[in-house]
Amino acid sequence: MSKSGKGILVVSFGTSYEETRKKTIDQIEASMRQEYPTWRVYRAWTSGMIRRKIKMRDGIDIPDVEEALIQMAADGMADVVVQPTHVINGIENDQMLESVRKCGHLFSRISVGKPLLTTQEDNVRIVRVIAQELRIAEDEALVLMGHGTEHYANSIYAALDYQFKDMGYSNIFMGTVEAYPALDSLMRRVQEQQFREVVLAPFMIVAGDHAENDLAGSDADSWKSRFESAGFEVRCVLKGLGEYAGVREMFLDHVRDAMDAAEMPVLRFAYIVRNDVSCLTG
């Protein structure tokens, strides 16, 4: 079988929450199909736990990265772009890259787009997207819940918190559920600025388990309960980042960068793999 096809593999962590998947991951993939109608769009999820759950509950097989790439090769794809929907260049993205390296020899060309937050330009753009999408009053504090990781890339969350302040949004706070900045730090800073009303929102591609339970759940240790116990009036906005048109546009630009990088003698802001060898430049 001759290979001449062009394919985009959209790699997500995944979610077992169907409603938020339709609003986020599905919409990101749909935007790829609309923007690149001559490219075939494929899906891969990196969470084995979620893929197993979907298989048992719904009888649906969602491939991991290697499985998806092998299928793309079998379908005759020669030119491939792998675009993660990961927020940062963390553990999941590292694992994805390793899978791409293993399968790079299957294609004439395979390039990899960057996660949502990779460059300073990305940070500035996401601040503007959040400020526009989650409009709050001056006397309200917007507290965003990122995932957080033990990976060194976790530093982006603290940097982004500073970026909000540096761009004039002193009432927007960036934290994480599993790392730093943690909830105690966020609550202290919100109290120091004497806000009494707090808006909580997930800073994750999907508004899944962390949003439903860790952020807005009824348990005493949820962010909502903790802020309420401290005397704040709290409302939650359970929208994943994938619901925001500005975020989807950022991913489209990252795909475009990856496509352009594959044509350039000097690569910038994209991974590219040829003959099972990978490098990152820019």
Side-chain angles (χ1 to χ4, degrees), residues 20 23-24 85-90 115-149 153-208 210-217 221-251 253:
T20 190
K23 297 176 181 178
T24 56
T85 67
H86 304 143
V87 174
I88 64 174
N89 291 268
L116 183 67
L117 301 180
T118 302
T119 69
Q120 177 61 20
E121 178 187 358
D122 293 334
N123 294 350
V124 170
R125 287 183 68 177
I126 198 63
V127 166
R128 291 172 177 162
V129 169
I130 293 296
Q132 180 177 355
E133 293 282 353
L134 296 171
R135 297 179 182 274
I136 57 173
E138 292 183 1
D139 60 350
E140 291 181 316
L142 172 60
V143 178
L144 301 169
M145 174 192 274
H147 190 278
T149 175
N154 188 78
S155 60
I156 188 63
Y157 293 109
L160 196 58
D161 182 80
Y162 186 89
Q163 188 77 55
F164 278 111
K165 310 300 188 294
D166 195 46
M167 293 177 64
Y169 301 105
S170 60
N171 58 342
I172 301 182
F173 301 83
M174 182 77 245
T176 72
V177 67
E178 293 190 0
Y180 180 86
L183 177 57
D184 289 341
S185 174
L186 295 174
M187 291 185 67
R188 184 175 64 253
R189 289 188 288 133
V190 171
Q191 288 170 326
E192 287 172 352
Q193 293 186 229
Q194 299 184 339
F195 291 105
R196 299 314 308 163
E197 298 182 15
V198 173
V199 178
L200 299 177
F203 191 81
M204 305 174 189
I205 297 301
V206 302
H210 284 303
E212 294 282 349
N213 297 306
D214 297 308
L215 185 76
D221 59 350
S222 75
W223 284 27
K224 179 176 182 289
S225 296
R226 289 282 305 278
F227 272 106
E228 287 178 337
S229 296
F232 293 93
E233 293 184 20
V234 180
R235 63 185 176 94
C236 299
V237 179
L238 299 185
K239 292 180 65 175
L241 293 176
E243 296 187 49
Y244 303 144
V247 168
R248 295 196 295 273
E249 185 61 36
M250 289 177 68
F251 282 127
D253 287 346

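Below, all heavy atoms of this structure are taken into account, side chains as well, without hydrogens, waters or symmetry copies.
Side chains of M204 and V87 form no contact here, defined as non-hydrogen atoms less than 4.5 Å apart. With a 4.5 Å cut-off on side-chain heavy atoms, M250 and I126 count as touching.
The side chain to side chain contact (heavy atoms under 4.5 Å, CB included) check on T176 picks up N154, Y157, A179, P181, with sequence neighbours excluded. With sequence neighbours excluded, the residues forming a side chain to side chain contact (heavy atoms under 4.5 Å, CB included) with S225 are S222, listed by chain and number. In this structure, the side-chain hydrogen bond (donor to acceptor under 3.5 Å, both in side chains) partners of K23, at least two apart in sequence or on a different chain, are E19. Judged as a side-chain hydrogen bond (donor to acceptor under 3.5 Å, both in side chains), and not counting sequence neighbours, the contacts of T85 are S12. Q194 meets the side chain to side chain contact (heavy atoms under 4.5 Å, CB included) test with no other residue; sequence neighbours excluded. Every residue two or more places apart in sequence or in another chain that forms a side chain to side chain contact (heavy atoms under 4.5 Å, CB included) with R226 is listed here: L183, D184, M187. The side-chain hydrogen bond (donor to acceptor under 3.5 Å, both in side chains) search around N213 returns D209, not counting sequence neighbours. Among residues two or more places apart in sequence or in another chain, the ring-ring contact (aromatic ring centres under 6.0 Å, His included) test is passed with F232 by F227. Looking at residues two or more places apart in sequence or on another chain, you find no salt bridge (Lys or Arg N to Asp or Glu O under 4.0 Å) involving E121. Partners of H210 by side-chain hydrogen bond (donor to acceptor under 3.5 Å, both in side chains), not counting sequence neighbours, listed by chain and number: H147, D214.
At distances below 3.5 Å, at least one donor-acceptor pair connects side-chain atoms of T20 with backbone N or O atoms of A207.
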Would you be so kind as to tabulate the donor-acceptor pairs closer than 3.5 Å made by side chains of residues 128-144, with sequence neighbours excluded?
residue : atom : partner : partner atom : Å
R135    : NE   : Q132    : O            : 3.3
E140    : OE1  : A137    : N            : 3.0
E140    : OE1  : R235    : NH2          : 3.4

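The distance from the CH2 atom of W223 to the CE atom of M145 is 4.5 Å, given to the nearest 0.5 Å. Distance check: L200 CG to L186 CG gives 9.5 Å after rounding to the nearest 0.5 Å. Note that CG of L116 is 9.0 Å distant from CG of N123, once rounded to the nearest 0.5 Å. With values rounded to the nearest 0.5 angstrom, I172 atom CD1 is found 9.5 Å from L160 atom CG.
In plain terms, the two heavy atoms of G217 and K224 that are nearest each other are O-CB, 4.4 Å. When all heavy atoms of Q191 and A230 are compared, the closest pair comes out as NE2-CB, 4.0 Å.
Note on residues 185-205: pairs passing salt bridge (charged side-chain N to carboxylate O under 4.0 Å, His left out), not counting sequence neighbours, are D161-R189.
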